[in-house]
Amino acid sequence: MREGLADDAALLARLRAGDTRAFEELVTTYQHRLFGVALRMLGSRAEAEEIAQETFLRAHRALGEFRGEARLGTWLYAIASRLCLNRLAAASRRHETPDETALLQQQPAEGADAAAVLEQRELQAALHDAVAALPEERRIVVVLRDLEGLAYEEIAEVLGLPLNTVRSRLHRARLDLKAKLERWLP
C-alpha cells in the first residue's frame, strides 16, 4: 500500500472510531484546498466557504460508506466538485461578479516596479476571467489538474469520467485558455 493510502487508512480508522481529533486533522489538512477549488469554480468567497463546510458535513455523514479504495483527498474533491457543479447548474444561482480577492490570488514580489505590479495584476485578472468563462465541465478539470495538481487518474475518479474524457476536456480547456490569453503569451 502506498504511504498516502496507509496514512489515509489510519486516519479513516480513527474517523470511524469517532476520534474528534481525527476529524479536526482531516479538516485542517483539506479545508484550504477544498475552499480553493470552490472559489475558483464559483468565484465567490461566501459560496466557496459554504461548499467547503458542506463537503465536510457530507463526508462525516458518509464515512461508513467510504470504502477507502481511493485517497481521502480524492473522495473529498469528488464531493466538493459535485457540490460546485450542482451550484453552478442551479437555475436560481444569481450571476455575481467574482470576489476581487479571487482575482488577485498571488501578490507580486516586493520591490517590483509599479508597471510590473500592474501587468501582473492584469494577467491574473485575465487568467481568472478566462478560467471563469470556460464551460463548467472544462473548468473543473483545469482547476483540479493545473491549480490543485491532481493526476489525470484522480480527476477521472473524482468526476466519475473515463480517463480519455478527462484528457480531452483538459486539452480543449487549455486550447480555449491559450486563445483567450494570446496577448499575454510570449
Side-chain angles (χ1 to χ4, degrees), residues 26-62 66 70-107 120-182 184:
L26 181 74
V27 171
T28 302
T29 301
Y30 292 102
Q31 68 184 347
H32 295 295
R33 290 185 239 175
L34 295 174
F35 174 79
V37 167
L39 181 61
R40 289 179 185 107
M41 284 297 296
L42 303 172
S44 164
R45 293 184 76 73
E47 286 184 303
E49 288 172 3
E50 287 177 25
I51 293 295
Q53 289 174 3
E54 182 65 22
T55 298
F56 288 114
L57 286 173
R58 289 188 183 202
H60 188 268
R61 285 188 218 127
F66 180 62
R71 297 188 63 206
L72 276 169
T74 302
W75 182 54
L76 292 170
Y77 279 125
I79 295 169
S81 297
R82 280 193 303 274
L83 289 170
C84 286
L85 291 171
N86 289 343
R87 178 75 55 106
L88 288 167
S92 63
R93 185 171 192 267
R94 296 185 319 261
H95 293 285
E96 301 173 3
T97 56
D99 292 344
E100 189 171 319
T101 54
L103 295 175
L104 305 174
Q105 295 272 327
Q106 297 176 337
Q107 296 298 320
Q120 179 69 24
R121 286 191 177 153
E122 286 176 0
L123 173 59
Q124 288 173 353
L127 178 59
H128 179 273
D129 291 346
V131 170
L134 288 171
E136 294 154 12
E137 70 274 356
R138 292 183 191 171
R139 186 181 334 150
I140 190 67
V141 294
V142 167
V143 168
L144 293 175
R145 176 68 184 149
D146 294 335
L147 302 175
E148 294 300 317
L150 269 63
Y152 291 98
E153 295 79 10
E154 287 179 293
I155 297 168
E157 188 174 340
V158 163
L159 300 176
L161 296 171
L163 187 57
N164 285 339
T165 301
V166 170
R167 287 187 174 129
S168 173
R169 287 182 182 178
L170 188 59
H171 177 72
R172 285 190 206 117
R174 287 176 175 164
L175 289 176
D176 290 348
L177 291 173
K178 183 179 177 184
K180 291 176 183 178
L181 299 169
E182 205 164 5
W184 298 99

CA sep, side-chain torsions, deciding dist, call: Leu76, Arg33, side chain to side chain contact (heavy atoms under 4.5 Å, CB included)
CA-CA 10 Å; Leu76 292 170; Arg33 290 185 239 175; over 6 Å; no
Looking only at heavy atoms, the pair that brings Ala173 and Leu134 closest together is O-CD2, 4.0 Å
Please report the shortest heavy-atom distance between Val37 and Tyr77, naming the atom on each side.
CG2-CE2, 3.6 Å
Given Arg58 and Arg61, is the side chain to side chain contact (heavy atoms under 4.5 Å, CB included) satisfied, shown in steps?
CA-CA 5 Å; Arg58 289 188 183 202; Arg61 285 188 218 127; 4.1 Å; yes
State, with a plain yes or no, whether a side-chain heavy atom of Arg138 is found less than 4.5 Å away from one of Asp176.
yes
OG1 on Thr29 to CG on Leu72, rounded to 0.5 Å:
9.5 Å
Looking only at atom types and distance, does a side-chain atom of Arg139 sit under 3.5 Å from a main-chain N or O of Ala132, one as donor and one as acceptor?
yes
Of all heavy-atom pairs between Phe35 and Glu49, which one has the smallest distance, and what is that distance?
CE1-CG, 3.5 Å
Nearest 0.5 angstrom please: Thr74 OG1 to Ile79 CD1, how far?
11.0 Å
Does Val141 form a side chain to side chain contact (heavy atoms under 4.5 Å, CB included) with Glu137? I'd like the steps, not just the answer.
CA-CA 7 Å; Val141 294; Glu137 70 274 356; over 6 Å; no
d(Glu148 CD, Leu34 CG) to nearest 0.5 Å is 8.0 Å
Reported CD-to-CG distance for the pair Glu122 and Asp129, which is rounded to 0.5 angstrom:
11.5 Å
Side chain to side chain donor-acceptor pair (under 3.5 Å) for Thr165 and Arg169? Distances and angles first, verdict last.
CA-CA 6 Å; Thr165 301; Arg169 287 182 182 178; over 6 Å; no
Within this structure, what is the CG-CG distance for the pair Leu127 and Leu147, rounded to the nearest 0.5 Å?
7.5 Å
Looking only at heavy atoms, which two atoms of Ala133 and Lys180 are closest? And how far apart?
CB-NZ, 3.4 Å
Closest heavy-atom pair and its distance - Leu42, Ala48:
CD1-N, 4.4 Å
Rounded to the nearest 0.5 Å, the CE atom of Met41 sits from the CD atom of Glu47 at a distance of 11.5 Å
Verify side chain to side chain contact (heavy atoms under 4.5 Å, CB included) between Tyr30 and Thr55, making sure each step is shown before the conclusion.
CA-CA 10 Å; Tyr30 292 102; Thr55 298; over 6 Å; no
When every non-hydrogen atom of Pro162 is compared with those of Ala156, the smallest separation belongs to C-CB, 4.4 Å
